[in-house]
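Notes follow once the structure below has been shown.
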Amino acid sequence: MLDKYNLTMLTDFYELTMANGYFRSEVRDYEACFDMFFRKVPDHGGYAIMAGLEQVIEYLKSLSFTEEDIAYLRTKGIFSEEFLDYLKDFKFTCDVWAVPEGTPIFPHEPILTVTGPLIQTQFIETFVLLTINHQSLIATKASRVVRAAQGRPVMEFGSRRAQGASAAIYGARAAYIGGCAGTACAIADRDYGVSALGTMAHSWVQTFSSEYEAFKEYTRIYPDNAVLLIDTYNVLKSGLPNAIKVFKEMKPTKMGVRIDSGDISYLTKKTREVLDENGLEDCDILVSNSLDEWLIRDVILEGAKIDAFGVGERLITAKSEPVFGGVYKLAAIEDNGVMVPKMKISENVEKITNPGFKRVYRFFDNDTGKVMADLIALHEESAPFKDVVEIFDPNAIWKRKRLTNFTAKDLLVRVFDKGECVYESPDLETIRDYCRSQIETLWSEMLRFENPQTYYVDLSKKLWNMKHELLGKFSEFPEEL
């Protein structure tokens with residue numbers, strides 16, 4: 001939806017004040033390098049899922065200021081006319097590298113890197129963050145919910161609870177990447193091919209003279225997929241008996257019942273028992289009603305008889321932790337023709353950034369196909385690696401591990417070359433399949449909902465040395481002290 005509009009002005013105002021400031025200072029023509037990364041996995045999970053790159057690409061392709069944009073900025077009275085003239089011919093000319101959508105990602109490693117003119121690299125911060133933060137959040141939540149369902153289909157039912165129209169559409173897209181089987185959002189099917197699914201609301205049942213008549217009419221109209229909502233009045237005393245009566249009379253090709261309230265474990269077990277007693281073993285049982293990964297896991301452990309789940313508000317809003325903390329930080333800046341590494345220092349250790357123009361390698365075990373570790377390295381440190389690679393914990397360097405019999409993969413792929421897109425986004429089905437295959441490379445210990453194993457994300461020796469040289473430089477006391 002949003003990619004049909006020019007969203008250049010969807011930016012924090014300080015991106016514009018900084019751009020004007022850069023333009024009017026000696027750094028106007030400097031080159032810069034920015035990284036996007038995140039600091040912790042939502043819900044204390046073991047991994048996150050990269051999503052939203054396709055929308056970032058569309059944004060960068062259409063990045064330009066309209067006459068209306070320029071006129072608006074002039075009214076603010078703080079931007080120079082020379083700067084406004086510059087914006088009239090503004091064109092994105094940067095290089096971009098990114099982790100492909102559907103890839104498991106981990107804290108502190110770059111998932112998108114931009115190099116190019118300082119004004120441009122800085123300006124795109126807001127849209128990059130809002131897009132990748134949102135879709136990665138929902139894809140990550142969907143992955144957790146789908147895993148909890150243990151092979152049972154999960155449908156995203158959250159459009160009406162989404163925080164705005166674009167959140168519903170792109171949330172459905174991201175949920176599909178994370179493994180959902182479909183969505184209630186029709187426009188997501190039209191625009192992205194996410195299968196639209198749904199049957200009836202309680203209002204359908206209430207509209208007719210009786211529950212039986214409501215079920216009968218629906219089954220007449222949709223004999224190939226008659227899924228009846230049986231909890232409008234009473235599941236076991238009214239809805240289920242009426243559904244069974246209609247199914248026996250009309251014999252639909254495919255049939256199911258949905259329960260949207262009550263004790264899911266108890267009601268589904270009783271419903272399955274009664275359906276089977278009536279020879280309706282092929283009738284599916286679907287449940288909804290404020291579900292998330294923890295509730296789904298629990299009802300399955302309790303023996304609930306469920307064939308599919310509809311998950312709404314707690315998925316589309318990622319209710320348990322509704323913020324994906326991605327940040328976009330300067331990593332290097334030109335100084336007299338030389339790219340100088342930069343880093344953010346903080347009293348909070350987790351907020352200290354990694355300097356320089358970087359790349360990320362992922363090591364896979366050749367015997368198991370499982371991931372072994374990620375290594376953040378300087379961009380100049382290119383493969384191939386030796387037969388043995390020693391990695392170390394950047395925060396406890398005495399903790400070391402030797403990797404052998406591995407295949408190393410460069411995670412960041414080239415997306416833009418001097419402003420020209422050189423990457424073809426896969427279709428959504430391909431991204432979803434890729435995501436599923438990559439999750440299978442993660443160790444089971446990383447997939448736990450509680451206290452998952454922390455994955456190794458280490459720094460190369462060159463990068464570690466660079467970082468600590470800068471830390472030492474910034475921690476020096478003034479001579480007068």
Side-chain angles (χ1 to χ4, degrees), residues 1-36 52-98 112-135 163-167 169-170 187 191 326-335 337 339 342 414-423 425:
M1 184 183 83
L2 290 182
D3 57 5
K4 293 181 173 60
Y5 300 93
N6 183 339
L7 297 174
T8 301
M9 290 295 288
L10 179 50
T11 186
D12 290 312
F13 193 70
Y14 80 171
E15 310 291 7
L16 291 159
T17 58
M18 283 191 289
N20 182 60
Y22 292 148
F23 184 84
R24 299 179 64 182
S25 74
E26 63 181 13
V27 303
R28 168 178 171 172
D29 297 319
Y30 277 17
E31 299 281 305
C33 173
F34 280 83
D35 291 328
M36 180 183 175
L53 178 59
E54 182 178 322
Q55 282 64 52
V56 169
I57 291 171
E58 292 303 317
Y59 163 78
L60 295 177
K61 284 181 177 179
S62 62
L63 200 59
S64 63
F65 290 86
T66 66
E67 292 182 3
E68 291 79 9
D69 296 336
I70 303 298
Y72 157 74
L73 293 174
R74 184 173 288 112
T75 67
K76 303 304 290 183
I78 62 172
F79 300 107
S80 70
E81 281 301 317
E82 293 80 7
F83 175 65
L84 296 179
D85 286 341
Y86 160 79
L87 293 183
K88 291 177 183 178
D89 299 319
F90 185 91
K91 184 178 186 300
F92 185 71
T93 60
C94 296
D95 296 331
V96 179
W97 291 261
L112 182 139
T113 294
V114 185
T115 64
L118 172 60
I119 292 175
Q120 296 181 34
T121 55
Q122 177 76 70
F123 180 79
I124 66 173
E125 173 184 13
T126 303
F127 192 88
V128 166
L129 287 177
L130 75 87
T131 302
I132 294 179
N133 277 340
H134 173 241
Q135 291 199 44
Q163 292 158 329
S166 64
I169 299 167
Y170 293 130
I187 196 172
D191 290 355
V327 294
Y328 186 83
K329 297 296 182 181
L330 180 69
I333 190 74
E334 180 188 29
D335 188 1
M339 290 299 287
K342 295 288 184 177
R414 191 71 167 262
V415 179
F416 281 84
D417 183 0
K418 295 179 175 57
E420 296 298 320
C421 185
V422 295
Y423 177 80
S425 296

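In this text, all values refer to a predicted model and were calculated from it rather than measured experimentally.
- At least one side-chain heavy atom of Leu112 sits less than 4.5 Å from a side-chain heavy atom of Val96.
- Counting only heavy atoms from C-beta outward, the side chains of Thr121 and Glu31 never approach each other to under 4.5 Å.
- Within the 3.5 Å criterion, the main-chain N or O of Thr93 finds a donor-acceptor partner in the side chain of Gln120.
- Taken to the nearest 0.5 Å, the CZ atom of Arg74 stands 5.5 Å off from the CG atom of Leu84.
- Test Phe83, Phe90, Tyr86 against Phe65 for ring-ring contact (aromatic ring centres under 6.0 Å, His included) and you get one pass: Phe90.
- When atom types are taken as modelled, the side chain of Thr8 and the backbone of Ser64 share a donor-acceptor pair closer than 3.5 angstrom.
- Figure legend: Arg28 and Phe23 shown as a cation-pi pair, the cationic atom lying under 6.0 angstrom from the six-membered ring centre and within 45 degrees of its axis.
- Within a 6.0 Å sphere centred on CD of Glu26, other residues, nucleotides and ligands contribute 12 heavy atoms or fewer.
- The CG atom of Leu118 lies 4.5 Å from the CD1 atom of Ile333; values are rounded to the nearest 0.5 Å.
- Listed by first and then second residue, the salt bridge (Lys or Arg N to Asp or Glu O under 4.0 Å) pairs that reach into residues 88-98 are Asp85-Lys88, Lys91-Glu420, Asp95-Arg414, sequence neighbours excluded.
- Proximity of Asn20 to Ser80: side-chain heavy atoms (C-beta onward) are separated by under 4.5 Å at one or more points.
- For the ring-ring contact (aromatic ring centres under 6.0 Å, His included) test, residues two or more places apart in sequence or in another chain that qualify with Tyr328 are Phe34.
- The shortest distance between side-chain heavy atoms of Glu125 and Tyr14 falls below 4.5 Å.
- Phe127 and Val56 get closest at one heavy-atom pair: CE2-CA, 4.2 Å.
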If you apply the rule side chain to side chain contact (heavy atoms under 4.5 Å, CB included), what do you find for Met9 with Thr66, and how did you get there? CA-CA 9 Å; Met9 290 295 288; Thr66 66; over 6 Å; no
Stepwise, does the side chain to side chain contact (heavy atoms under 4.5 Å, CB included) test hold for Leu60 with Val415? CA-CA 11 Å; Leu60 295 177; Val415 179; over 6 Å; no
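- Distance check: Asp69 CG to Leu16 CG gives 9.5 Å after rounding to the nearest 0.5 Å.
- In this structure, Cys421 and Lys61 approach most closely via the heavy-atom pair CB-CE, 3.7 Å.
- Side-chain contact check for Thr131 versus Tyr59: every heavy-atom pair is 4.5 Å or farther apart.
- Separating the CG atom in Leu330 from the CG atom in Asp35 is a distance of 9.0 Å, to the nearest 0.5 Å.
- Phe123 contributes atom CZ, which lies 12.0 Å from atom SG of Cys94 (distance to the nearest 0.5 angstrom).
- Note: Tyr22 OH to Ile119 CD1 = 9.0 Å, rounded to the nearest 0.5 Å.
- A 4.5 Å side-chain heavy-atom check between Phe92 and Ile124 finds at least one atom pair inside the cut-off.
- Annotation: side chain of Leu7 is not in contact with side chain of Glu58 (no heavy-atom distance under 4.5 Å).
- Side chains of Tyr170 and Gln55: no donor on one and acceptor on the other come within 3.5 Å.
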